[in-house]
Structures are given as C-alpha cells and as structure tokens.
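The structure appears below as structure tokens.
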Amino acid sequence: MEIIKLENYKENRFNTAIALGNFDGVHMGHQSLINSILETAKAKDLKIGILLFENHTKKLIDGEGPKLLTSRDQKLKVFSELGIEVVYSARFDKEIMTLTPEEFVKNILVDQLNVKLVTVGFDYRFGHKASGNIDTLKSLAEKYNFRVNVVEAQNKNETIISSTKIRDFLSQGKLPEAKNMLGRNYIITGHVVHGKSLGRKLGFPTANIELSENFLIPKSGVYITNTIVDNQTFKSVTSIGKNPTFDEDELKIETHIINFNREIYNQSIEVEFIEYIRDEMKFNSLEELKFQIEKD
C-alpha cells in the first residue's frame with residue numbers, strides 16, 4: 001500500500017476511487033464502505049484510495065475531539081489488509097476546514113486526487129461548518145464528472161454500527177458488543193514507563209503504560225488481555241484504575257504479562273482486550289489484594 005502526503009501533490013498517474021470519512025476504529029461499517037469501493041472501483045479500473053486526515057476533524061472544530069479507537073498506524077494496517085492501494089494523507093487544518101463544499105470537491109478531490117468515484121457513508125457531511133451533505137456531493141459530482149456511491153447504515157443486533165456506540169460499549173466494559181462492531185478486539189498502544197513497583201513487591205510485576213494516543217480507556221477494572229511485545233503475543237492480565245487500596249488519584253493502566261521476565265522499559269507495546277473479569281476493588285490488606293491478584 002502506498003502512502004502519499006497530499007500537500008502540493010497532484011495525482012497524474014491514474015484515475016482514482018476515493019473513500020471519505022474519519023474511519024475512527026475502521027469498524028464493520030467502515031469495512032462495508034471500503035468493500036463497496038473495492039468492488040465498484042475494480043470493475044471500472046480505478047485506483048482504490050482513501051483520503052485520511054492525520055488528526056480527527058472534530059478536534060480542530062471543537063478543540064478536543066473524541067477519544068480515539070485507533071491510531072493512524074492501526075488504521076493504515078487495517079486499510080492495507082482490506083486491500084486499499086493508496087492512502088492520501090493530509091493534516092486537517094484551518095485552510096481545509098474553511099473550504100466550501102464546492103472548493104473541497106474541486107480543489108482536493110478533482111484537481112489533486114483525479115477522482116472518478118467517491119464512496120461515503122449515509123451520514124457524510126463536508127465543507128465549512130459541515131454545510132455539505134449527500135445531496136450536495138451528488139450535485140457537485142454531476143458538475144465535475146464523477147460518481148458517488150453512498151453506503152447505507154450497517155447494523156448489529158438492530159443497532160447502527162458507529163464509533164460513538166463502540167466507545168459507549170468499551171466505557172461499560174462490554175467487550176463482546178464492542179468486538180461485534182469493530183470486527184476485532186480493541187487494542188491500545190503505549191510506552192512502558194516506571195511506576196512505584198507495587199506489583200513487583202507483591203510478586204506480580206506489571207508494565208505501566210503511557211498511552212501513545214488519546215485512546216478511549218475502557219471501563220476501570222481487571223481484564224484478560226494479550227500483550228504484544230516486539231510482534232510477539234503473550235497472555236496477560238490488565239488493570240485499569242486508581243489503585244484504591246493505595247489511595248492513589250491517578251488513573252493507571254498496568255499489565256502483568258504471564259511468564260515474562262524481560263526488561264521492556266521505554267518500549268512500545270500493544271494491549272488487546274479479551275474479556276472483562278471484575279470491577280476495581282479496594283482491599284483491607286495487601287494479603288487480600290495479593291490473593292485476589294492470584295485469583296485473577
């Protein structure tokens with residue numbers, strides 16, 4: 001898969017089919033959209049691409065943006081696995097944000113990306129203050145000679161698949177429901193940092209994780225997880241919480257990797273959430289805590 005910085009770039013090599021969206025989570029709804037463009041584009045001999053903004057569009061608009069379900073690298077990995085051929089990468093900045101719907105279509109999609117087919121979700125909006133909708137896009141497509149393919153809402157158990165709903169499930173510790181919509185287990189990435197070595201003193205050393213992105217942190221509690229270190233997967237148990245037994249205030253993510261004794265400080269690792277075991281608890285003694293950890 002080819003990755004191209006969009007700034008000052010003009011696609012002169014071929015006609016393109018472009019999928020548009022934030023693609024946070026690259027969930028089953030997004031995958032349906034991508035599969036749709038793959039099928040249609042191949043029939044018309046178009047190069048299959050995605051316009052990917054490096055930052056979430058809502059972050060610039062409202063100053064914060066949502067907690068993320070996927071990093072840029074995670075998105076790229078899934079795109080490649082799904083069969084995307086080119087990713088056109090751009091920073092969503094004030095210049096792009098203030099483009100009218102027509103300026104966005106003409107300046108970026110037509111003039112830079114040489115687009116002949118655009119695929120979007122049913123609720124896609126674009127242009128300054130999200131003033132453009134599907135009807136706007138179809139009207140501009142007629143003017144600038146490209147086709148629009150709209151993918152309808154995708155459902156799981158009579159619920160529309162969305163990044164917002166997945167965040168809700170993860171915040172409630174409902175991993176099976178989140179997985180059904182994501183199409184895979186939820187994964188966070190981060191660096192291993194020094195902690196207070198409380199786990200080590202109890203006989204269960206943990207890797208304390210500092211997140212690499214503004215990830216959505218699942219519900220506080222204890223999870224069965226996989227921890228990926230140097231592309232190797234290890235069984236693990238991960239705790240999310242404030243260590244109430246020690247009256248701490250800072251939310252921490254700590255993973256105990258089973259039968260693992262390597263030094264991994266400052267390394268980047270991934271934690272894959274498999275199953276929610278129990279809520280965060282306060283214990284009356286270190287012995288009670290140690291017994292519960294052994295049970296976990």
Side-chain angles (χ1 to χ4, degrees), residues 1-4 6 9-54 56-58 60-61 75-76 78-80 82-93 95-155 160-164 183:
M1 184 177 73
E2 190 178 11
I3 302 170
I4 296 174
L6 189 61
Y9 181 80
K10 184 176 176 60
E11 185 56 85
N12 293 316
R13 300 171 299 170
F14 34 66
N15 296 328
T16 65
I18 301 294
L20 298 174
N22 273 308
F23 297 103
D24 187 24
V26 199
H27 55 57
M28 297 299 288
H30 297 142
Q31 291 178 41
S32 177
L33 187 154
I34 290 170
N35 288 332
S36 174
I37 198 171
L38 289 173
E39 184 178 338
T40 308
K42 285 179 180 177
K44 297 187 174 298
D45 197 29
L46 301 174
K47 202 73 168 180
I48 303 158
I50 281 180
L51 174 59
L52 179 65
F53 291 117
E54 296 167 8
H56 201 292
T57 55
K58 289 184 179 179
L60 185 64
I61 293 168
K75 288 181 185 180
L76 293 175
V78 179
F79 290 156
S80 179
L82 290 172
I84 293 298
E85 297 173 300
V86 188
V87 171
Y88 299 96
S89 180
R91 187 80 185 165
F92 187 77
D93 55 19
E95 182 179 346
I96 293 178
M97 183 180 74
T98 54
L99 292 175
T100 66
E102 181 162 3
E103 286 171 338
F104 174 76
V105 166
K106 181 183 184 301
N107 297 356
I108 295 178
L109 297 184
V110 176
D111 290 349
Q112 284 193 267
L113 298 184
N114 199 22
V115 74
K116 295 301 177 185
L117 171 68
V118 170
T119 297
V120 294
F122 68 101
D123 57 352
Y124 181 72
R125 300 192 71 89
F126 66 107
H128 186 48
K129 294 185 177 180
S131 54
N133 57 21
I134 298 297
D135 290 336
T136 312
L137 186 60
K138 288 181 176 178
S139 175
L140 291 168
E142 287 186 19
K143 180 175 181 178
Y144 291 103
N145 191 33
F146 63 88
R147 288 184 55 206
V148 174
N149 179 31
V150 180
V151 177
E152 296 304 319
Q154 304 297 304
N155 295 275
I160 293 177
I161 298 171
S162 72
S163 300
T164 299

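Small disclaimer: the values here were computed from a predicted structure and weren't measured.
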Are any non-hydrogen side-chain atoms of [X] and [Y] less than 4.5 angstrom apart?
X	Y	value
R147	K44	yes
I96	F53	yes
I34	L82	yes
L6	I108	yes
V87	I4	no
L117	N149	yes

Quick check for you: to the nearest 0.5 Å, what is the distance between [X] atom [atom1] and [Y] atom [atom2]?
X	Y	atom1	atom2	result
T100	K106	OG1	NZ	11.0 Å
S162	H27	OG	NE2	6.0 Å
I84	K47	CD1	NZ	11.5 Å
Y124	T119	OH	OG1	11.5 Å
N114	F146	CG	CZ	12.0 Å
T16	Q112	OG1	CD	11.5 Å

Plane angle bin for Y88 and Y9 - parallel if under 30°, tilted between 30 and 60°, otherwise perpendicular: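 Because their plane-to-plane angle lies in the 30° to 60° range, the rings of Y9 and Y88 count as tilted.
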
Are any side-chain N or O atoms of S139 and backbone N or O atoms of T136, one a donor and one an acceptor, separated by less than 3.5 Å?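 The answer is no, because no donor-acceptor pair under 3.5 Å joins these two groups.
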
Check: S32 main-chain N/O paired with Q154 side-chain donor or acceptor under 3.5 Å: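 Between the backbone of S32 and the side chain of Q154 there is no qualifying donor-acceptor contact (under 3.5 Å).
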
Which heavy-atom pair separates F126 from N133 by the least distance, and what is that distance?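 Result for this residue pair: CE2-O, 3.4 Å.
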
Pair Y144-E102, side-chain donor/acceptor within less than 3.5 Å: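 Side-chain D/A pair, Y144 to E102: present.
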
